[in-house]
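None of these values were measured; they are calculated from a predicted model.
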Amino acid sequence: MIVGIVGCGAIANTIVNEIMSEEGIEIKYFYDRDIERAENLAHIANGIAIIKLEDMLDKVDLVVEAASPIALKNIAIPILEKGIDLMVMSVGALMDKEFRENVHNTARKHKAKVYAPSGAIVGLDGIKAASIGKITQASLTTRKAPKSLGREVEEEEILFEGKAHEAVEKFPVNINVAASLSIACNMDIDVKIIVDPKVDRNVHEVLVKGDFGEFRTSSENVPFAANPKTSMLAAFSAIKLLRSFNESFSVGT
C-alpha cells in the first residue's frame with residue numbers, strides 16, 4: 001500500500017517514525033503548505049515532497065489527512081473522486097452535515113473508503129456497539145492546560161458549555177474528540193471545555209447512557225511538546241489503524 005500524507009506536523013512525524021520500516025506500508029508522498037516541513041519529513045522517510053496535492057493522486061492507495069479542518073474540506077472530495085481511500089484526523093470538519101454527506105456520497109460513488117481513527121479518546125468501539133440500540137445521553141468533559149488552549153489563566157475556568165457542533169466551531173483544532181463521539185453516537189453530544197492551569201495533560205471524560213446500560217471513561221493524554229493542542233494518543237490511533245490493514249486477526253469493532 002502506497003500512502004501519501006497531507007500535513008507534515010507532529011502527528012505525521014510520529015506516524016512516519018513508527019511505520020517507516022513496516023512491511024506492506026510505504027509512506028511515500030508528503031504535502032504541506034510549508035514545503036520545508038514536507039521536505040524534511042520526506043527526507044526522513046526516503047519519500048517525495050510535492051508542491052501540489054494532485055501530484056500524488058495517481059500514485060497512492062491512501063491519503064492520511066493530518067492538517068486541519070479547513071484543509072480537509074479542500075482536499076477530501078478531489079481525493080475521493082479519484083477512488084483513493086482517505087484517513088481523516090481533523091474529524092471536527094465532519095460536524096458540518098452538508099460536507100459529511102458530500103464526503104459519504106462521493107466515497108460511495110467512487111468506491112473509496114473514509115477512515116477516522118479513534119483519536120484521543122478511549123471507548124469509541126463500545127459506543128459504536130451501543131449505538132445499535134438507543135443512546136439517550138452522551139457527554140464529553142475536556143480539561144486542558146492553558147498552553148493547549150492558547151489561554152493565560154491562573155485559575156480553572158469553563159471556556160465552553162454546549163453542543164458538539166458549537167464546540168467544534170469555537171475550537172476547531174482542539175476538540176476533534178467531540179466530533180468523533182457525536183458521529184459514533186449519531187447525536188450532537190453535550191460538551192464542556194475547561195482550561196485548568198493545574199493539569200499538564202489533555203483530559204477527556206466521557207459519559208454515555210442508553211439501552212445497553214451506561215459507561216464512563218477517562219483518559220489523561222500526554223500532548224505533543226511541539227503541538228500541545230494534540231495528544232500523542234491521536235497519532236498512535238492512526239498508526240494502529242494503518243497497521244490493521246495488514247492484520248489477519250482483529251479484536252474490537
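Note on V64: it clusters hydrophobically with Y115, by side-chain heavy-atom contacts below 4.5 Å among ILVMFWY residues. Side-chain heavy atoms closer than 4.5 Å link hydrophobic residues (I, L, V, M, F, W, Y) into clusters, and following such links, possibly through other members, connects V114 to V60. Residues Y31 and M1 do not share a hydrophobic cluster, clusters being chains of Ile/Leu/Val/Met/Phe/Trp/Tyr side chains in contact below 4.5 Å. Clustering ILVMFWY residues whenever any of their side-chain heavy atoms sit less than 4.5 angstrom apart, transitively, puts L242 in the very cluster that holds L41. There is a path of hydrophobic side-chain contacts, each under 4.5 Å, that joins L72 to V6.
In this structure, P197 and V153 have side chains that are in contact, with non-hydrogen atoms separated by less than 4.5 Å. Side-chain contact between N176 and M89 is absent, with no heavy atoms from C-beta onward closer than 4.5 Å. The shortest distance between side-chain heavy atoms of K192 and S139 does not fall below 4.5 Å. The side-chain heavy atoms of E18 and R243, taken from C-beta on, include a pair separated by under 4.5 Å. Looking at L80 and H110, their side chains never come closer than 4.5 Å, going by heavy atoms from C-beta outward. Taking 4.5 Å as the limit, every side-chain heavy atom of F160 sits out of range of all side-chain heavy atoms of I175. In this structure the side chain of F30 reaches within 4.5 angstrom of the side chain of V16, judged on heavy atoms. For the pair N221 and H204, the minimum side-chain heavy-atom distance is below 4.5 Å.
Under the salt bridge (charged side-chain N to carboxylate O under 4.0 Å, His left out) test applied with R143, the options E220, E157, E156 reduce to a single match, E156.
The environment of NE2 in H43 is sparse: at most 12 heavy-atom neighbours from other residues, nucleotides or ligands sit within 6.0 Å. A 6.0 Å sphere centred on CZ of R216 holds no more than 12 heavy atoms belonging to other residues, nucleotides or ligands. Summarising the local packing, NZ of K113 is surrounded by 12 or fewer heavy atoms from other residues, nucleotides or ligands at distances under 6.0 Å. Enclosure of atom CD1 in I70 is not indicated, since only 12 or fewer non-hydrogen atoms of other residues, nucleotides or ligands lie within 6.0 angstrom.
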Worked check of side chain to side chain contact (heavy atoms under 4.5 Å, CB included) between E23 and N246: CA-CA 9 Å; E23 185 177 347; N246 284 336; 5.9 Å; no
Would K240 and E247 count as a salt bridge (Lys or Arg N to Asp or Glu O under 4.0 Å) here? Give the steps. CA-CA 10 Å; K240 181 59 181 174; E247 293 174 352; 3.0 Å; yes
Pair V191-T142, side chain to side chain contact (heavy atoms under 4.5 Å, CB included): steps then yes or no: CA-CA 8 Å; V191 176; T142 289; 5.6 Å; no
Would D196 and K144 satisfy salt bridge (Lys or Arg N to Asp or Glu O under 4.0 Å), going step by step from the backbone distance to the final call? CA-CA 6 Å; D196 187 347; K144 292 189 175 185; over 6 Å; no
Side chain to side chain contact (heavy atoms under 4.5 Å, CB included) between N186 and I135, intermediate numbers included: CA-CA 8 Å; N186 296 315; I135 292 178; over 6 Å; no
Would K52 and E54 count as a salt bridge (Lys or Arg N to Asp or Glu O under 4.0 Å) here? Give the steps. CA-CA 5 Å; K52 298 181 297 183; E54 297 78 25; 5.1 Å; no
Is there a salt bridge (Lys or Arg N to Asp or Glu O under 4.0 Å) between D200 and K147? Walk through the geometry before answering. CA-CA 9 Å; D200 58 0; K147 185 178 180 181; over 6 Å; no
Go through it in stages, so that I can follow the logic: the residues are Y29 and V63, the test is side chain to side chain contact (heavy atoms under 4.5 Å, CB included), and I'd like the CA-CA distance, side-chain angles, deciding distance and then a yes or no. CA-CA 9 Å; Y29 297 94; V63 174; over 6 Å; no
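Here the CD1-CD distance, from I48 to E39, works out to 12.5 Å after rounding to the nearest 0.5 Å. Residue T106 holds its OG1 atom at 10.5 Å from NE2 of H104, rounded to the nearest 0.5 Å. Within the model, atoms CD1 of I239 and CD1 of I11 stand 9.5 Å from one another, a figure rounded to the nearest 0.5 Å. Atoms CD1 and CG, on I79 and D85 in that order, are 10.5 Å from each other to the nearest 0.5 Å. The line from CG of D188 to OG of S182 is 5.0 Å long, rounded to the nearest 0.5 Å. Considering CG of L149 and CG of N174, their distance stands at 5.0 Å, rounded to 0.5 Å.
Proximity of a side-chain donor or acceptor of E65 to a complementary backbone N or O of A71 within less than 3.5 Å is not detected. N102 contributes no side-chain N or O that, together with a main-chain N or O of I77, makes up a donor-acceptor pair within less than 3.5 Å. In this structure a side-chain-to-backbone donor-acceptor pair under 3.5 Å is present from D32 to C8. Although no hydrogens or angles enter the test, the distance criterion places a donor-acceptor pair under 3.5 Å between the side chain of T136 and the main chain of K209. Counting only distance, with no hydrogens or angles, the side chain of E81 and the backbone of I84 share no donor-acceptor pair below 3.5 Å.
Here the closest heavy-atom approach between residue R151 and residue F171 is recorded as NH2-CE2, 4.0 Å. Here the shortest heavy-atom pairing between N202 and S231 reads ND2-OG, 3.0 Å. Of all non-hydrogen atoms in I5 and A12, the two that sit nearest each other are CG2-CB, 3.8 Å. Here the closest non-hydrogen pair linking A120 and V177 is CB-CG1, 3.8 Å. Heavy atoms only, all atoms of each residue included: A116 and V91 are closest at CB-CG2, 4.2 Å. Residues A145 and V199 share a closest heavy-atom pair of CB-O, 3.3 Å.
Defined by atom type and a distance below 3.5 Å, a donor-acceptor pair is present between the side-chain atoms of R108 and N105.
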